Amino acid sequence: MAGFFKKKTVDDVIKEQTKELRGTQRQITRDRSSLEKQEKQLEMEIKKMAKMGNKEACTILAKQLVQLRRQKNRSYAVGSKVTSMSSQTKLMNSQMKMAGAMATTTKTMQAVNKKMDPQKMQQTMQNFQKENMKMEMSEELINDTLDEIFDESGDEEESDSIVNQVLDEIGIEISGKMVSAPSTSRNNPTSSATKSDGISDEDIERQLKALGVD
């Protein structure tokens, strides 16, 4: 029983009106088809009476044909009006939905504006910018202090010393192996005796790679 007393919404009313307009349009189309059939029958009767030479009957039938054609033209006008009404109804429904959406959006914006304090937001942004600048300055001071500490500790000199030591070790090892390398000079009498104990360029490159020196 509750369904009978339920209040119709705007959408329900528009759906009913659209349904009625479609039914009216279908009825107008059926009536027009019937008028066209009658029009063809009258044309055939007029031709028949004309062949028989019955002028009076032709005149009466011609008047009926004129009225029938007027009625058919009226059906076209009514059908066009019904179609226009259906389009206007749909347009009004669309506009009402758009207005409802705008009203909802307006309420939401009003609620947000009530809760939002522009001055407080501006103060918050200024405080954030100030604290961010302080943090950057503190970070820069810390980095400078650390750089000074590491510079004073002699890490750079120690690193240079380690590198020089490694290079010296490499040079000593290479020199030690190159003492027994075969000499290319013709005046070296020991070249043939030490030929088998020499080191090639490939051995030197391999040794350098093993020590991490490119």
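Small disclaimer: the values here were computed from a predicted structure and weren't measured.
Shown here for L65 and E39, the closest heavy-atom pair between the two residues is CD1-CG, 3.6 Å. Minimum interatomic distance between L21 and M85 (heavy atoms only, all atoms of both residues): CD1-C, 4.0 Å. In this structure, A50 and C58 approach most closely via the heavy-atom pair N-SG, 3.3 Å.
Other residues, nucleotides and ligands contribute over 12 non-hydrogen atoms within 6.0 Å of the CE atom of M49.
When atom types are taken as modelled, the side chain of S80 and the backbone of Y76 share no donor-acceptor pair closer than 3.5 angstrom. Without hydrogens or angle criteria, N132 side chain to F128 main chain gives no donor-acceptor distance under 3.5 Å. S94 places no side-chain N or O within 3.5 Å of a backbone atom of K90 that could act as its donor or acceptor partner. The backbone N or O of V82 lies less than 3.5 Å from no partner atom in the side chain of S86, so there is not a single donor-acceptor pair.
The structure places NZ of K19 at 11.5 Å from NZ of K15, a figure rounded to the nearest 0.5 Å. From N93, atom CG reaches atom CD of Q88 across 13.5 Å, with rounding to the nearest 0.5 Å. Of the inter-residue distances, the one linking K114 atom NZ with Q110 atom CD reads 6.5 Å to the nearest 0.5 angstrom. Rounded to the nearest 0.5 Å, atoms NZ (K48) and CG (L61) are 11.0 Å apart. The CD atom of Q67 lies 9.0 Å from the NZ atom of K63; values are rounded to the nearest 0.5 Å. Interatomic distance, CG of L35 versus CG of N73, reported as 10.0 Å (0.5 Å rounding).
Under the 4.5 Å side-chain criterion, counting only non-hydrogen atoms from C-beta, E56 is in contact with N54. Side-chain atoms of L68 and Q64, non-hydrogen and from C-beta on, never get closer than 4.5 Å to each other.
Donor-acceptor pairing under 3.5 Å is recorded for the side chains of Q71 and R74. Looking at Q27 and R30, their side chains do bring a donor and an acceptor atom within 3.5 Å of each other. Side-chain atoms of N127 and Q123 include a donor-acceptor pair closer than 3.5 Å.
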With side-chain contact (heavy atoms from CB on, under 4.5 Å) as the test, would you mind laying out the steps for S75 and D31 before giving the verdict? CA-CA 8 Å; S75 70; D31 293 342; 5.8 Å; no
Given R22 and Q25, is the side-chain contact (heavy atoms from CB on, under 4.5 Å) satisfied, shown in steps? CA-CA 5 Å; R22 283 200 299 264; Q25 186 66 42; 5.6 Å; no
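Look at E43 and R69 and you find a salt bridge, because one of the NZ, NE, NH1 or NH2 atoms lies within 4.0 Å of a carboxylate O, short of that distance.
No chain of hydrophobic side-chain contacts below 4.5 Å, direct or via other Ile, Leu, Val, Met, Phe, Trp or Tyr residues, connects M102 to M109.
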